[in-house]
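The structure appears below as structure tokens.
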Amino acid sequence: MLAGELYDPLDPELVRLRDRARDLCQELNATREAQREERRRLLRELFAAGGEDVWLQPPFFCDYGSNIRLGRHCYFNFNCVVLDVCPVRVGDHTFFGPAVQIYAAAHPLDARQRRTHEFGKPVEIGSDVWVGGGAIICPGVRIGSRSVIGAGSVVTRDIPDGVLAVGNPCRVLRELSEP
């Protein structure tokens, strides 16, 4: 699965790992604002890296959590989803607006294969990126550092460093100047 090859999503070990992540997400999503230490504990347990200082507004959903590696000081607004069947790597100081969806999961085009197998492609998002609300990041995409993805965009291909990109499919509008 992590290598991007076809796999059986009903494999008992994968089911167990997904159940673990979904239970942690359910616990996280049930916390109240004052339960900061409990949220922090759950985030450290859920993510492979970055749980110690991510700022996350529940609800949040993911497949495994253990395939998500966050840099320092990332922010997820309400209702984000990360389908992390392959590695999802996020750089430092990257912000996600509400309802952003990151998909590392994919399905075969062949209908017979799709009945029993799926696959994934890693997603990489650089540092100092801002992804606007409702954006969808598709499997295998790389978003360069310092880029901004407009709200509602569907990112189907790589986005270079330091650009403003918007739309469906997401396209580069212009370069962003550095301060």
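All residue numbers in this chain count up from 1 along the given sequence.
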- [ ] Drop me the distance from H73's NE2 to H93's NE2, to the nearest 0.5 angstrom.
- [x] 5.5 Å
Open item on the list: Any heavy-atom pair between the side chains of I125 and I102 that's under 4.5 Å?
Closed with: yes
Open item on the list: I need the C80 SG to L56 CG distance, nearest 0.5 Å.
Closed with: 7.5 Å
Task: Side-chain donor/acceptor of S127 to backbone N/O of G91, under 3.5 Å - done: no
- [ ] Would you confirm whether N29, through its side chain, and F60, through its main-chain N or O, come within 3.5 Å as a donor-acceptor pair?
- [x] yes
Task: Pairing of E38 and R32 as salt bridge, 4.0 angstrom limit - done: no
Task: Geometric class of the Y75/F95 ring pair [parallel <30°, tilted 30-60°, perpendicular >60°] - done: perpendicular
Task: Pairing of D161 and R142 as salt bridge, 4.0 angstrom limit - done: yes
Task: L70 side, atom CG; R89 side, atom CZ - distance, nearest 0.5 Å - done: 12.0 Å
Open item on the list: Keeping T94 on the side-chain end and G126 on the backbone end, is there a donor-acceptor pair under 3.5 Å?
Closed with: yes
Open item on the list: Less than 4.5 Å apart, side chain to side chain, heavy atoms only: is that true for R41 and L46?
Closed with: no
Task: Non-hydrogen atoms of P122 and C86 that approach each other most closely - done: N-CB, 3.7 Å
Open item on the list: Quick check on Q113: does its CD atom have over 12 non-hydrogen neighbours (other residues, nucleotides or ligands) under 6.0 Å away?
Closed with: yes
Task: Atom pair CD/CZ of E52 and R72 - distance to nearest 0.5 Å - done: 6.5 Å
- [ ] Show the numbers, then the answer: is there a side-chain contact (heavy atoms from CB on, under 4.5 Å) between E33 and Q57?
- [x] CA-CA 9 Å; E33 289 301 311; Q57 295 294 321; 3.9 Å; yes
Open item on the list: Donor-acceptor pair, distance only, cut-off 3.5 Å: does the side chain of S147 make one with the backbone of V129?
Closed with: no
Open item on the list: Keeping S153 on the side-chain end and A135 on the backbone end, is there a donor-acceptor pair under 3.5 Å?
Closed with: no
Task: Distance-minimising heavy-atom pair for G140 and D158 - done: O-OD1, 3.8 Å
TODO: State, to 0.1 Å, how close F61 and N79 come at their nearest heavy-atom pair, and which atoms those are.
DONE: CE1-OD1, 3.7 Å
Open item on the list: Between V123 and Y103, is there a side-chain heavy-atom distance shorter than 4.5 Å?
Closed with: no
Task: Gap between atom CG of L83 and atom CG of D63 - 0.5 Å precision - done: 4.5 Å
Open item on the list: Just so I know, are the side chains of P169 and V154 near enough to count as touching, which here means a heavy-atom distance under 4.5 Å?
Closed with: no
- [ ] Find out if a path of hydrophobic residues (ILVMFWY) with successive side-chain heavy-atom gaps under 4.5 Å connects V148 to V166.
- [x] yes
Open item on the list: Starting from I68, can I reach V85 by hopping between I/L/V/M/F/W/Y residues whose side chains sit under 4.5 Å apart?
Closed with: no
Open item on the list: Same cluster or not: V172 versus I149, using hydrophobic residues (I, L, V, M, F, W, Y) connected whenever any side-chain heavy atoms lie under 4.5 Å apart?
Closed with: yes
- [ ] Over all heavy atoms of both residues, which pair between D84 and A104 is shortest? Give the atoms and the distance, please.
- [x] CA-CB, 4.4 Å
Open item on the list: Are I137 and V163 linked, directly or through intermediate hydrophobic residues, by side-chain heavy-atom contacts shorter than 4.5 Å (ILVMFWY only)?
Closed with: yes
Task: T31 side chain reached by E27 side chain, heavy atoms, under 4.5 Å - done: no
Open item on the list: Surrounding CD of Q26 (heavy atoms of other residues, nucleotides or ligands, distance under 6.0 Å), is the total greater than 12?
Closed with: no
Task: Side-chain (R44) to main-chain (A49) donor-acceptor, under 3.5 angstrom - done: no
Task: Criterion side-chain contact (heavy atoms from CB on, under 4.5 Å) on M1 and L17, from CA distance to verdict - done: CA-CA 13 Å; M1 179 180 82; L17 291 170; over 6 Å; no
- [ ] Run the numbers on S145 and D128 for side-chain contact (heavy atoms from CB on, under 4.5 Å), then give the verdict.
- [x] CA-CA 6 Å; S145 292; D128 297 301; 5.7 Å; no
Open item on the list: Can you give me the closest heavy-atom contact between V155 and I159, atom names plus distance?
Closed with: CG1-CG1, 3.9 Å
TODO: Just say parallel, tilted or perpendicular for the rings of F76 and F96, cut-offs at 30° and 60°.
DONE: parallel
TODO: Kindly indicate whether the side chain of R18, heavy atoms from C-beta on, has any atom under 4.5 Å from the side chain of Y64.
DONE: yes
- [ ] Following the transitive rule for hydrophobic clusters with a side-chain heavy-atom cut-off under 4.5 Å over Ile, Leu, Val, Met, Phe, Trp and Tyr, establish whether L42 and V88 coincide in one cluster.
- [x] yes
Task: Ionic contact status for E13 with R16, cut-off 4.0 Å - done: yes
Open item on the list: Could you tell me if the side chain of L6 sits less than 4.5 Å from the side chain of P108, heavy atoms only?
Closed with: yes
TODO: Return the minimal non-hydrogen interatomic distance between G71 and D92, and the atom names on each side.
DONE: CA-OD1, 3.2 Å
Open item on the list: Once rounded to the nearest 0.5 Å, what's the spacing between atom CZ of F47 and atom CZ of R69?
Closed with: 12.5 Å
Task: Any side-chain heavy-atom pair of L28 and L43 under 4.5 Å - done: yes
